Amino acid sequence: MRIDRLDVVLRARSGWEAMELGSALARRHARAVWGSWLLASAPLFLLFNALGWWLDAFGWAWLAMWWCKPLFERAPLYVLSCGIFGEPVGALAALRAQRHWGNSGFWGYLGWRRFSVLRSLCLPVNLLEGNAPGQRGPRRRAVAAGVAGSALVLTVTCMAFEAVLVSGTIGAVFMFMPLDLMSESWRAAWDMIGQDTPAWAQLGFNLACWLASVMIGPFFVGAGFGLYLNRRTQMEAWDVEIALRRLRDRLLPAASTLALLLCLALPLASAPAHAQDPDAEPARALGKPSDLASDDGDDAPAVDPANTAATIFGSTPVDTAGFRQAVNRAFEDPLQRPTRQVTHWKPIEQAEKKKKEDKQLQSDSSNQAERKPRKDGIAWLARLAEWGLWGLLGILLLVLLLTARLWLPWLRGSGRRKAEAAPSVVEEAVELPAVLPPDVATQAGLLWDQGRPRQALALLYRASVRTVGERSGIALPPGATEAQCLRASRRMPDASDRELFARIVRMWQYAAYAGQLPSRGDFNTLADALRQQYRWQA
């Protein structure tokens, strides 16, 4: 495998970063990944549900689709494994490759390994590495070591997402139910699930589960493939190998030039040294420039026999003067004698011990006599500052005691004052006569004058509901809600009747539920309009 052709940046990542890398790869090759999953699973979905319809066993169809999930994960994994090497593969090409790719180590995931929670991590080991049957188990355990927790979290998270999508699809059906029919719809749905579920409901549930797996499954495969790549990078140091290969590629163009320079430098390195005059004086000591004596000086230091040129170079004649010059130039280089400042942290006990030793070494009595008055002065200043602080504290306490009559009552009352309880809202019960009077508008006006506006509006609303039932031909129950009355009012042929009833319903709701009563003028106007439009007696 040519890892230098990888189309991703390899480095040691955490489990979460590795899963994010796999998800990014799935999004990069989204068309091929989701297309191959859809093309691989759609025929089996139609086949299993057709058999379930014929045998009246849609539950087995759902179970068969769930059991065959590893079969659908092969094609997306093939797309991702080729895509990281810069070889894009289409959905149809990925399906055609399934006939001869990864068949030897796969069938266990449709059998005893179907319930493995590490399938997303271990499936690439069997399909991509092609190990012998005896090596697959140790290889899977080695790859799963250290990232088994991340693979488990990935499996549980994807299962939770699929469950959320399926339950959300079912809940979306009830969102289109009218509010008044919601209770009956839930009761009917519960009876349908518990007793005799129709075929269309079972087929819809299977369809929702299949679509949820189509949406979440490729992310599951991609995240597991990212964990697999990261684990291989950690175990085999792929990132280091790639860096070394790139370094070799950069040095190869200059290899011929370096070889030529080396060939030219070899004759120069093997050239004989200059012969030394045998009559010259013996060589002086070799060492640092500060250790070398001048040639004309009489007080030259003693020469160590081990440092003479004869001892170092043997019988080979050398130019000691040139060698000394080279040594001098080397020691003159600032890089050979660098200076730097090093700070060491020491325990405080050592510092105190060193201070005590320094004090003991100071035997000069005059210095000790000078320091003793200074120490006594500092002690007196510290004592004076302490007395001053105590004095300030006493003054503060005295001020607090003298002003206690000002702040003590406020302090006693703070935090104890309770907020006044809001007066309870007393609502008068609406009591209407069993039989409505013939002059409804007049009676409602009398109730308003008596200070009972809610009673007056309730009387107008009830009489309007009776008129709606008469003109629409719908018998409304005694406990009909405002919404049911409004729906019944739409059956009245006259548009002005419908608008007027909506007006009285709105005014009644504001008064009954929001506590907002209309003015007396608005009430009189509405009562007159109802009397004229609905032909009530005056």
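Positions are given from 1 along the sequence. All of these numbers come straight from a predicted model, not from anything done at the bench.
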Test side chain to side chain donor-acceptor pair (under 3.5 Å) on Asn126 and Arg140; report intermediate values, then the result. CA-CA 8 Å; Asn126 286 13; Arg140 284 193 301 268; 3.2 Å; yes
side-chain hydrogen bond (donor to acceptor under 3.5 Å, both in side chains) partners of Trp210, counting only residues at least two apart: Ser41
What is the distance from atom CH2 of Trp34 to atom CE of Met215, rounded to the nearest 0.5 Å? 9.0 Å
Search all heavy atoms of Val33 against all heavy atoms of Pro218 and return the closest pair with its distance. CG1-CB, 3.4 Å
CA sep, side-chain torsions, deciding dist, call: Arg490, Glu499, salt bridge (charged side-chain N to carboxylate O under 4.0 Å, His left out): CA-CA 9 Å; Arg490 299 192 187 104; Glu499 295 176 358; over 6 Å; no
Within this structure, what is the CD1-OH distance for the pair Ile504 and Tyr534, rounded to the nearest 0.5 Å? 9.0 Å
Looking at Ala145, is its backbone amide N or carbonyl O close enough to the side chain of Arg231 to form a donor-acceptor pair, meaning the two atoms are under 3.5 Å apart? yes
Does the Asn230 side chain pair with the main chain of Ala18, one donor and one acceptor, at a distance under 3.5 Å? no
Does a side-chain heavy-atom distance below 4.5 Å link Leu25 with Leu229? yes
Among pairs that include at least one residue of residues 502-516, which meet salt bridge (charged side-chain N to carboxylate O under 4.0 Å, His left out), considering only residues two or more places apart or in two chains? none
If we only count heavy atoms from C-beta on, is the Cys485 to Val505 side-chain gap below 4.5 Å? no
Trace of the side chain to side chain contact (heavy atoms under 4.5 Å, CB included) decision for Ser213 with Phe72: CA-CA 10 Å; Ser213 66; Phe72 311 145; 6.0 Å; no
Start with the C-alpha distance between Tyr510 and Leu517, add both sets of side-chain angles, then the distance that settles side chain to side chain contact (heavy atoms under 4.5 Å, CB included), and finish with yes or no. CA-CA 7 Å; Tyr510 273 112; Leu517 296 174; over 6 Å; no
Side-chain heavy atoms of Ser519 within contact of Phe523, under 4.5 Å: no
For Val117, does its backbone N or O pair with a side-chain atom of Thr155 as donor and acceptor, under 3.5 Å? yes
Heavy-atom pair with the smallest gap, counting every atom of Ser81 and Leu128: CB-CD2, 3.7 Å
Give me the ring orientation class for Trp66 and Phe115: parallel if the planes are under 30° apart, tilted from 30 to 60°, perpendicular past 60°. tilted
Using modelled atom types and a 3.5 Å cut-off, is there a donor and acceptor pairing between side-chain atoms of Ser167 and backbone atoms of Val164? yes
Distance col, row Ile216:CD1 vs Leu211:CG, nearest 0.5 angstrom, shows 11.5 Å
Within 6.0 Å of CZ in Arg31, more than 12 heavy atoms from elsewhere: no
Counterpart residues, side chain to side chain contact (heavy atoms under 4.5 Å, CB included), relative to Ser150 (two or more places apart): Met19, Leu227
Chi angles and distances behind the side chain to side chain contact (heavy atoms under 4.5 Å, CB included) call for Leu486, Phe501: CA-CA 8 Å; Leu486 283 174; Phe501 182 75; 4.0 Å; yes
Decide yes or no for Pro518 and Leu526: does some side-chain heavy atom of the first lie under 4.5 Å from some side-chain heavy atom of the second? no
Here the gap from Arg452 atom CZ to Leu457 atom CG, rounded to the nearest 0.5 Å, amounts to 13.0 Å
Beyond-backbone contact of Tyr461 with Glu482, side-chain heavy atoms, under 4.5 angstrom: yes
Non-hydrogen atoms of Leu459 and Ala444 that approach each other most closely: CD2-N, 3.8 Å
Indicate the atoms forming the closest heavy-atom contact of Val440 with Ala463, along with that distance. CG1-CB, 3.6 Å
With a 4.5 Å limit on heavy-atom distance, are the side chains of Phe225 and Ile84 in contact? yes
With rounding to the nearest 0.5 angstrom, report the CZ to OG1 distance, Arg531 to Thr442. 5.0 Å
Contact list for residues 511-522, test salt bridge (charged side-chain N to carboxylate O under 4.0 Å, His left out), sequence neighbours left out: Asp449-Arg520
For the pair Arg119 and Glu73, find out whether any cationic side-chain nitrogen is under 4.0 Å from an anionic carboxylate oxygen. yes
Distance-minimising heavy-atom pair for Val166 and Ala208: CG2-O, 3.9 Å
Please walk me through it: do Leu207 and Thr169 pass side chain to side chain contact (heavy atoms under 4.5 Å, CB included)? CA-CA 10 Å; Leu207 180 62; Thr169 304; over 6 Å; no
Applied to residues 152-168, the salt bridge (charged side-chain N to carboxylate O under 4.0 Å, His left out) test, sequence neighbours excluded, yields Lys69-Glu162
First locate atom CG of Leu460, then atom CH2 of Trp448, and finally report the distance between them rounded to the nearest 0.5 Å. 10.0 Å
Shortest non-hydrogen separation from Trp37 to Val221 and the atoms involved: CZ3-CG2, 4.1 Å
With Arg383 via side chain to side chain contact (heavy atoms under 4.5 Å, CB included) - residues at least two apart: Trp380, Trp387
